There are 2 protein chains.
Amino acid sequence: MQDFPLDQILCGECIETMRSLPDASIDCIFADPPYNLQLRGELRRPDETVVDGVDDAWDKFADYATYDNFTREWLAEARRLLTKDGTIWVIGSYHNVFRLGAIMQDLGFWILNDIVWRKANPMPNFRGRRFTNAHETLIWAARGPESKYRFNYQAMKALNDDMQMRSDWYLPLCTGNERLRNAHGLKLHPTQKPESLLHRVLIASTVVDDIVLDPFSGSGTTAAMAKRLGRRFIGIERHPDYIEAARARVEAETRLSDDQLAITPAKRELPRIPFGSFVEQGALPAGTELFDRQRRLSATVMPDGSLVSGSHRGSIHKMGAILTNAPSCNGWTFWYFERQGEVLQIDILRTEQAQTPLRNVG
Amino acid sequence: MQDFPLDQILCGECIETMRSLPDASIDCIFADPPYNLQLRGELRRPDETVVDGVDDAWDKFADYATYDNFTREWLAEARRLLTKDGTIWVIGSYHNVFRLGAIMQDLGFWILNDIVWRKANPMPNFRGRRFTNAHETLIWAARGPESKYRFNYQAMKALNDDMQMRSDWYLPLCTGNERLRNAHGLKLHPTQKPESLLHRVLIASTVVDDIVLDPFSGSGTTAAMAKRLGRRFIGIERHPDYIEAARARVEAETRLSDDQLAITPAKRELPRIPFGSFVEQGALPAGTELFDRQRRLSATVMPDGSLVSGSHRGSIHKMGAILTNAPSCNGWTFWYFERQGEVLQIDILRTEQAQTPLRNVG
DNA sequence: CTGCTCTATGAATCGATGC
DNA sequence: CGCATCGATTCATAGAGCA
């Protein structure tokens, strides 16, 4: 893989260029494919040619078929490039998103969420004939149903005032200084995506040094945000104007420092501390009584870190499950103990330990 | 058309029963087809209670192809039944909505909007493995690109405090007293839709006496709201329990008077929470009498959130101004209503709401 | 009646690791 | 691969119950 084109915007056709990359080499894909259907009363094929004289149903179907074939081809390549546990984001509007989603399912992708980007400042509907088209849809999918995909749950929660991030995101359009412009001061690219959108996508589904591919790179928002957030990137784009602007944009971008890149870690990724170590260290000596929140159940701590209650003996988890007749139980949050007259959840021991330098484990 | 089954819930299979109806006989269709959820195991909340998921036989399909065939068949029938200028609403989630949309396009439907129903109180993601699935999608489509479809633009604008109604709608789930229950106090139907959703759909895309078809009638929300709003309806349902409950529900429903049903071109006004959203959600239902502090003036609430008094019609602000001969008026503090024998300023609705933010924007 | 706490529940594709 | 074990994880509402 010595010639793997990392941190570059490649010039070429999307499908052809993807074919030059090896299997299972990409951690995450963000794709903003052409919509190009039924705009301004004329239909366009993905290659930008105009479909003429289409007002019967057959021609329309023929045109959908052309779009579908193109879509199936690039999505199949995308799936080949993804690692086993990789995920893909595809953005679209009602013109094309239903075709995208159906083809993704047919190819074996496993949809995880559909995300609604609610635009803070959408263009109004000037003729008053429809609802203001105030959103676009992102499809987030794993390579397949068995993928152990990455989702930085705690980071998303932190981004949303410590509440679960929902599937509807309220973000402004890309305007003002963020919008790339040509020499005439006109917008360089018709559909430049806001950096905030890519920020959330990358923070949610990738980690530092992951490789991110954008097969329709355009103005380079994905590449720029990947660089800023310490991810590696590959962009594919065929228009020289866009490539030139995107390369300059990436060049001007600065990678944040490692400190700045740290996100709220998932608890399951923190070092595991066995309950027994607190018994060993005397924080919770053998013989201590534990009880549940309502103080209806109790158990005694044994020297090996197991609990005993009546004729039952087992781990903090197993004993919680047995005594409540539940299939499973998180003992850390189920059991309480008393310290200096205060009733405390045993999970507090792990929290306290994480803050003190005294660490024999992990 | 003498045997045309108006204002009835028909018992039968969806496709077969639709075949018995004549071409071009329906003005508007609302369809809530099976979602093909593909749930695998049991899901528990963090407190170990079990989530009552959708495990009914009607939602199980062998594979995508089977689901697609079913979808293509009923949608083809739906298109045959629609008048030339008729429109259809189809609701779904990411499990099925992409297949619905693509097949609709293939059949010749012309998508007008995709509407996002943002749920005010969705079920959280209990395992922290995805974004909270906090919305469902409605596809609104005309029979074809040449349809001169109906869109009550001014009514929608009036419902949204005189700003264009956007494609993202924020509405609560169907819970509490609105939810139909069986003899055991359990929910009768696993997916009963809120009345506020159908209220907005019908006010947006139909007029009084239009014929509305719901091929998956279920608990009868479409039929009930059609009756209340003076539309004619046909429901199709195959489960006897649902039919029985829906018929009783429709029977108990009252049609609003013609005065209350006239929707209007409204004028201007601004603020944060649209007055109309309280009408939609039933906090201040259409037909409610409002009056001023001294109870000298009064006006009636219309389904689109406007007020009518004598020959005057307008927003809560405009009507306050007109009736007092003032240049302007803050309708929120001018109008009062009665609730459980208590006289309350309508502004209290916003105060109550502030604790549970209900807005279409922001 | 009031105000507070407690409980129930909603269209849900909802583990990871080690033996 | 199967199986056992560890242990991570929830938000908005409505309504009941209680003081």
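Scope of the values below: all heavy atoms of this structure, side chains included, with no hydrogens, waters or symmetry mates. Proteins get letters first, then strands, A, B, ... in listed order; numbering begins at 1 in each. Worth saying up front: this structure is predicted, and the values here are computed from it rather than measured.
- The aromatic rings of B:F131 and A:W140 sit perpendicular, their planes meeting at an angle over 60°, well past the 30° parallel limit.
- With C:dT9, C:dT13, C:dA12 as the candidates, the nucleotide lying closest to the side chain of B:L43 is C:dA12.
- A donor and an acceptor atom sit less than 3.5 Å apart, one in the side chain of B:R130 and one in the base of C:dT13.
- Across all strands shown, nothing is found opposite D:dA8 as a Watson-Crick or G-U wobble partner with both distances under 3.5 Å.
- We find that A:E269 and A:R150 are joined by a salt bridge, their nearest charged nitrogen and carboxylate oxygen being less than 4.0 Å apart.
- Of the candidate nucleotides D:dT9, C:dT13, C:dA11, C:dA11 has the atom nearest to the side chain of B:E136.
- Ion pair B:R228/B:E195 flagged as a salt bridge, since at least one NZ, NE, NH1 or NH2 atom sits closer than 4.0 Å to an Asp/Glu carboxylate oxygen.
- Comment: A:D106 engages B:R99 in a salt bridge, judged by a side-chain N to carboxylate O separation of less than 4.0 angstrom.
- Across all strands shown, B:R179 has heavy atoms under 4.0 Å from sugar-phosphate atoms exclusively, and none from any base.
- Both thresholds, 5.5 Å between centres and 30° between ring planes, are not jointly met by B:F126 relative to the base of C:dC14, so the two rings are not stacked.
- Nucleic acid contact for A:Q154: sugar-phosphate only, since backbone atoms but no base atoms lie under 4.0 Å from a heavy atom of the residue.
- Among the nucleotides D:dT10, D:dT9, C:dT13, the one closest to the side chain of B:Y94 is C:dT13.
- A residue-by-residue look at A:R268 and A:L112 shows that A:L112 has its nearest nucleotide of DNA chain C further toward the 5' end.
- The distance from atom CE of A:M156 to atom C1' of D:dT10 is 18 Å, rounded to the nearest whole Å.
- Taking 4.0 Å as the cut-off between side-chain N and carboxylate O, B:K60 and B:D55 do not count as a salt-bridged pair.
- Among the protein residues, B:P194 comes within range of no part of the nucleic acid, since none of its heavy atoms lies under 4.0 Å from any strand.
- Classification of A:R339 and A:E289 as a salt-bridged pair fails, no side-chain N sitting under 4.0 Å from a carboxylate O.
- For C:dC19, the paired nucleotide is D:dG2, the pair qualifying as Watson-Crick or G-U wobble because both relevant distances are below 3.5 Å.
- C:dG15 and D:dC11 have their P atoms separated by 16 Å, given to the nearest Å.
- Counting non-hydrogen atoms under 4.0 angstrom, B:D59 reaches a base of the nucleic acid.
- Backbone-only engagement by A:K157 is indicated by non-hydrogen atom pairs under 4.0 Å involving sugar-phosphate atoms exclusively.
- B:N121 places its CG atom 13 Å from the C1' atom of C:dA11, with the value rounded to the nearest Å.
- The nearest whole Å value for the distance from the CZ atom in A:F109 to the P atom in C:dT13 is 19 Å.
- Closest approach to the A:Q105 side chain among D:dG7, C:dT13, C:dA12 is made by C:dT13 (side chain taken as heavy atoms from C-beta onward).
- The base of C:dA11 lies close enough to the side chain of B:D32 for a donor and an acceptor atom to sit less than 3.5 Å apart.
- A distance of about 28 Å separates the P atoms of C:dT9 and D:dA8, rounded to the whole Å.
- For B:K187 against C:dA11, a side-chain-to-base donor-acceptor contact under 3.5 Å is absent.
- Here the side chain of B:N125 is nearest to one of D:dG7, C:dA12, C:dC14, namely C:dC14.
- Ion pairing between a basic and an acidic side chain is recognised when a charged N comes within 4.0 Å of a carboxylate O; A:R166 and A:D168 show such pairing.
- B:E48 places its CD atom 14 Å from the P atom of D:dT10, with the value rounded to the nearest Å.
- If you check D:dT9, C:dA11, C:dT9 against the side chain of B:K193, the one that comes closest is C:dA11.
- One donor-acceptor pair, N or O on each side, does fall under 3.5 Å between the base of D:dA8 and the side chain of B:R127.
- DNA chain D is contacted by both B:P122 and A:S328; A:S328 maps to the nucleotide lying nearer its 5′ end (nearest heavy atom per residue).
- Nucleic acid contact for B:T175: sugar-phosphate only, since backbone atoms but no base atoms lie under 4.0 Å from a heavy atom of the residue.
- Closest to the side chain of B:L37, out of C:dA12, C:dA11, D:dG7, is C:dA11.
- Phosphate proximity of C:dA16 to A:K148: present, with a side-chain N or O under 4.0 Å from OP1 or OP2.
- Heavy atoms of A:C329 sit under 4.0 angstrom from at least one base atom.
- Between C:dA11 and D:dC6, the two C1' atoms lie 32 Å apart (nearest whole Å).
- Among the protein residues, B:G41 comes within range of the nucleic acid bases, having at least one heavy atom under 4.0 Å from a base atom.
- Comparing B:R129 and B:H189 by the nucleotide of DNA chain C that holds the closest heavy atom to each, the one mapping nearer the 5' end is B:H189.
- Distance NZ (A:K318) to P (D:dC3): 17 Å, rounded to an integer number of Å.
- Taking the six-membered ring for Trp, B:Y170 and B:W117 have ring centres at least 6.0 Å apart.
- Residue contacts for B:N133: at a heavy-atom cut-off of 4.0 Å it reaches the sugar-phosphate backbone alone, with no base atom in range.
- Atom NE2 of B:H135 and atom P of C:dA12 are 13 Å apart (whole Å).
- Across the protein-nucleic acid pair, A:E269 atom CD and C:dT17 atom P stand 9 Å apart, rounded to whole Å.
- Separating the P atom of D:dG7 from that of C:dT13 is a span of 27 Å, rounded to the nearest Å.
- Side-chain N/O atoms of B:R45 and base N/O atoms of C:dG10 include a donor-acceptor pair closer than 3.5 Å.
- A tilted orientation is assigned to the rings of A:W169 and A:W89, their planes being inclined by 30° to 60°.
- Of the candidate nucleotides D:dA8, C:dA12, D:dT13, D:dT13 has the atom nearest to the side chain of B:A120.
- Remark: C:dA11 base-pairs with no nucleotide; criterion is Watson-Crick or G-U wobble with both hydrogen-bond distances under 3.5 Å.
- Of the two residues near DNA chain D, A:G331 and A:Y153, the one whose nearest nucleotide lies more 5' is A:G331.
- For the pair B:N182 CG and C:dT9 P, the interatomic distance rounds to 12 Å; values are reported in whole Å.
- Using a 4.0 Å heavy-atom distance criterion, B:W117 is classed as making no nucleic acid contact.
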